[in-house]
2 protein chains.
Amino acid sequence: MVTMRDVSRAAGVSSATVSRVLTGSAEVDPATRQRVLDAVRQLDYRPNLVARGLRRQVSQVLALVVTDIENPFYTAVCRGVEDAARLKGYSVILCNADRDIDKEREYLRVVADQNASGVVISPASAQNTDIGALVARGIPVVAVDMPLEQAAGSVLVDNRAAAAMATRHLLAGGARRIACITGPSDNATASDRLDGYMRALHEAGRPVDPELAIYSNYRESGGYEATNRLMDLADRPDALLVTNNRMIVGTLRALQSRGVSIPDDVNVVSFDELPWALELHPHLSMVRQPGYLIGQKAAELLIERLASPTTPQHIVMEAELIAKDGRARTPSSAI
Amino acid sequence: MVTMRDVSRAAGVSSATVSRVLTGSAEVDPATRQRVLDAVRQLDYRPNLVARGLRRQVSQVLALVVTDIENPFYTAVCRGVEDAARLKGYSVILCNADRDIDKEREYLRVVADQNASGVVISPASAQNTDIGALVARGIPVVAVDMPLEQAAGSVLVDNRAAAAMATRHLLAGGARRIACITGPSDNATASDRLDGYMRALHEAGRPVDPELAIYSNYRESGGYEATNRLMDLADRPDALLVTNNRMIVGTLRALQSRGVSIPDDVNVVSFDELPWALELHPHLSMVRQPGYLIGQKAAELLIERLASPTTPQHIVMEAELIAKDGRARTPSSAI
DNA sequence: TTGTAAGCGTTATCAA
DNA sequence: TTGATAACGCTTACAA
C-alpha cells in the first residue's frame with residue numbers, strides 16, 4: 001500500500017505538506033503543490049480513510065437502518081439516501097433490521113462502534129427503538145417513516161392526511177361502505193392512517209362501523225385474511241383502504257379468488273409503492289409516498305446537522321394519490 | 001467516549017492487558033481477567049473499530065456492490081450476504097451501482113480506500129467492470145450473477161441450463177413456436193440464456209427462427225416492445241421465454257392490452273423473482289434463481305478466502321422452475 | 001511556507 | 001502473566 005509518507009518522499013517534502021495539499025487545510029507554495037500532486041498521480045496514491053477517520057474522529061460514513069429491505073418503499077428510500085450521501089462524499093452502510101428489534105439494536109451498536117457520522121433509520125418501533133447509545137456518542141439520527149424521540153430530525157408524510165385523502169377519493173367515487181385494513185395497533189404509522197380514514201368519514205357525516213376497521217399485521221397473510229373476513233360480512237363493504245403494500249397483495253389475491261372485481265364490485269386504494277404489480281393492475285388506486293425523496297431529504301438533513309447541530313427539524317413530505325384511471329394526481333396538502 | 005485506557009485504569013492494569021482479555025490473544029490471570037471484564041461492563045466500554053481497523057489492517061467490513069437495488073433479485077442477494085456476514089461478525093457496506101459503470105468504479109475505489117476486507121459484486125459488465133484496484137490491494141472479490149476475471153470466486157446459476165429447462169417446459173406443454181426475449185447482447189448472462197434456449201430447441205429437433213430471438217434491454221420498455229413485435233408477426237409464437245423480471249412486466253402489460261391470455265393463447269416463462277406480481281399471476285411460470293442463497297454463499301465464500309486464500313472457486317447454484325400450476329419443481333441439474 | 005512531533009485508540013513485540 | 005513501548009497512516013499545533 002502506498003502511504004502519504006511515500007508521496008512525501010517522492011515529492012521531497014514532509015507528509016504534513018502532502019496532507020495540506022490534499023485537504024486544502026493551509027496554503028502551500030504552488031510549485032510544491034504541483035510536485036505533490038504529480039507524486040500523488042504517479043504513485044496513484046489514495047488516502048487511507050481508516051487512518052483519517054481515526055485522526056479526525058469522523059468517518060464520512062452514514063448508516064442506513066431499514067426495517068425491511070425487501071419492501072420496495074424502503075428500497076426507494078435507500079436509493080435516495082445513497083444518492084444524496086454520495087453527492088456529499090459520504091458512503092452508506094446499509095443495515096436491514098428485518099422488523100426485528102434485537103437485530104436493530106445490535107446494528108445500532110455496531111454502527112456506533114464504527115464511528116458512523118450519522119444515521120438514517122426507519123425505526124422498527126416508535127417506542128422500543130433505542131438510539132440512546134448513538135445520542136450519547138453524539139451521533140445524530142434522522143428518522144424516516146416513523147417519528148422517534150431524541151432524533152435530530154425526521155422526514156415523514158402526513159399519514160393522517162394521506163389516509164383521509166384516500167378515503168375521500170373512495171367517497172367521491174360513490175363508495176357507501178368503506179373498510180380499512182391497517183397495520184398493528186402499536187405501530188404509529190398504522191394508527192395514524194386508520195385515524196385519517198376515520199376522520200374523513202366523520203367529516204363526510206358517515207358512520208364509522210367498527211366491523212370495517214381491521215388492525216392487521218402489515219403482511220400479505222394479514223391482508224388476505226382481513227379481506228376474506230370483510231367479504232364474508234352480511235353487509236359487505238364496497239370499498240377498501242389497505243394501508244400498506246404487502247397487505248395489498250393478499251387483498252388482491254383474496255379478491256381474485258372470490259371473483260370480486262376492481263373497481264366494479266369494490267373500489268380499492270392501497271398504500272406505498274408496489275411498482276411491479278401496479279403496472280399490471282390498472283384499476284388499483286394508490287397513495288404513493290415519495291420514498292426516494294424522503295431518503296434524499298433525510299440524508300441531506302442529516303448531513304446539515306453534522307455541519308451545524310441545531311434543534312430537531314421535522315419535515316413533512318407530500319403523499320400523492322394515484323387514482324385508478326391515472327388522471328387525478330393530488331398532493332395531500334391540497335385537500 | 002470511553003477508551004481502553006479508561007478501562008485499564010479502572011481495573012488497575014495496563015491497556016495491553018485489557019486488549020488481551022478482550023481479544024483473547026493471550027493468557028490472562030483469571031482474577032485480573034475478571035477485574036477487566038467488570039470494568040468493561042461498568043463503563044459500558046466498546047472497542048473502537050476504527051482504531052482496531054487501523055492497527056490490524058483489516059476492518060471486519062465487507063462491501064456489496066449491486067447493479068440495481070430496486071430489482072427484487074438483488075434485494076434477495078443482498079439479504080443473503082448481509083445475514084451470512086452478520087453471522088460471522090462482519091458488517092456490510094451496500095453500494096448501488098445503478099447499472100452505471102462509472103458509479104461502480106467510483107464505489108470500488110472508495111471501498112478500497114475504506115479498507116474493506118472483501119467485496120461481493122454483481123458486475124455491471126463482465127468486460128468493463130474493473131476490480132484491478134482491489135486485487136492490487138489484496139482485497140478479494142466474489143462475483144455473483146455474472147463471472148468476472150480476477151475474482152477470487154463466483155456464485156452463479158447455470159444460465160444456459162436454466163434457460164434450456166424453461167424452454168423444454170414450454171415444449172413439453174405443447175408449444176410449437178417459442179420466442180425468446182433476452183437482455184443486451186453484450187451481457188454475459190443474457191447471451192447465456194439465449195444460448196440455452198437455442199440449445200433446447202436444437203435438442204428437440206426444432207428449427208430456430210431468428211425472428212423469434214430478440215435482444216432487448218432488460219427493462220420493462222424492452223419487454224413491452226419486443227412482445228408487441230412478436231405478436232404482430234404473421235406467424236405468431238405460441239410461447240414466450242422472457243429472461244428477466246423487469247421485461248416480464250412489459251410483456252404482461254403488452255399481452256394484457258392485446259387481450260392475449262396466458263396460458264391459453266401463449267404460454268410464458270419468466271426469469272428471476274418478481275414476488276408481488278407472481279402471486280397475482282397464477283398462470284405465469286418462472287425460473288427462480290435462489291437469490292438469498294446466492295448472496296449467502298457468496299459471503300461465506302468470501303469470508304473463507306479471507307481466512308485462507310486459495311485458488312478461485314466457482315460455485316454453481318441450481319435454478320428451479322416454478323411451473324404455472326405450482327406442481328412441477330425441478331432443479332436445473334436434473335435435466 | 002514548511003517541517004517536526006504529538007496523538008487518534010488499538011494491538012503486537014519485547015522485556016521483565 | 002503483565003507492562004512499556006512502538007507502530008498503524010493520517011492530521012494539526014507549534015516552531016522554524
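A quick note: this is a predicted structure, and the numbers were derived from the prediction, not measured. Proteins get letters first, then strands, A, B, ... in listed order; numbering begins at 1 in each.
- Nearest to the side chain of B:Ala51, among D:dC10, D:dT2, C:dT10, sits C:dT10.
- B:Arg305 places a side-chain N or O within donor-acceptor distance of the main-chain N or O of B:Ala152, the cut-off being under 3.5 Å.
- Side-chain contact, A:Thr129 with A:Glu104: a donor N or O sits under 3.5 Å from an acceptor N or O.
- Taking side-chain N and O atoms only, A:Gln57 has no distance below 4.0 Å to OP1 or OP2 of C:dG7.
- Here D:dT1 presents its P atom at 15 Å from CZ of B:Arg35, a figure rounded to the nearest Å.
- Counting only distance, with no hydrogens or angles, the side chain of B:Arg137 and the backbone of B:Ala112 share a donor-acceptor pair below 3.5 Å.
- B:Glu27 places its CD atom 16 Å from the P atom of D:dG3, with the value rounded to the nearest Å.
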Using a 4.0 Å cut-off on protein heavy atoms (strictly under), produce a 5'-to-3' string for nucleotides 11-16 of chain D with B for base contact, S for backbone-only sugar-phosphate contact, and - for none. BBB---
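- Panel note: side chain B:Ser154, backbone B:Pro147; no donor-acceptor pair is recorded below 3.5 Å.
- Distance B:Arg5 CZ to C:dT10 P: 12 Å, rounded to the nearest Å.
- As rounded to whole Å, 18 Å separates atom P of C:dT10 from atom CG of B:Asn115.
- Between the side chains of A:Tyr74 and A:Asp145, at least one donor-acceptor pair of N or O atoms lies under 3.5 Å.
- Judged by distance alone, with hydrogens and angles left aside, the side-chain atoms of A:Ser15 form no donor-acceptor pair with the main-chain N or O of A:Met4 at under 3.5 Å.
- Within 4.0 Å (heavy atoms only), B:Val13 reaches sugar-phosphate atoms of the nucleic acid but no base atom.
- D:dC10 atom P lies 16 Å from atom CD of A:Gln60, rounded to whole Å.
- The CG-C1' distance, from B:Leu54 to C:dG7, rounds to 12 Å in whole Å.
- Here D:dG9 presents its C1' atom at 15 Å from CD of B:Gln114, a figure rounded to the nearest Å.
- Under the 3.5 Å distance criterion, the side-chain polar atoms of B:Arg35 are matched with a main-chain donor or acceptor of B:Ala11.
- Computed from coordinates, the B:Leu49 CG to C:dT10 C1' distance equals 11 Å when rounded to whole Å.
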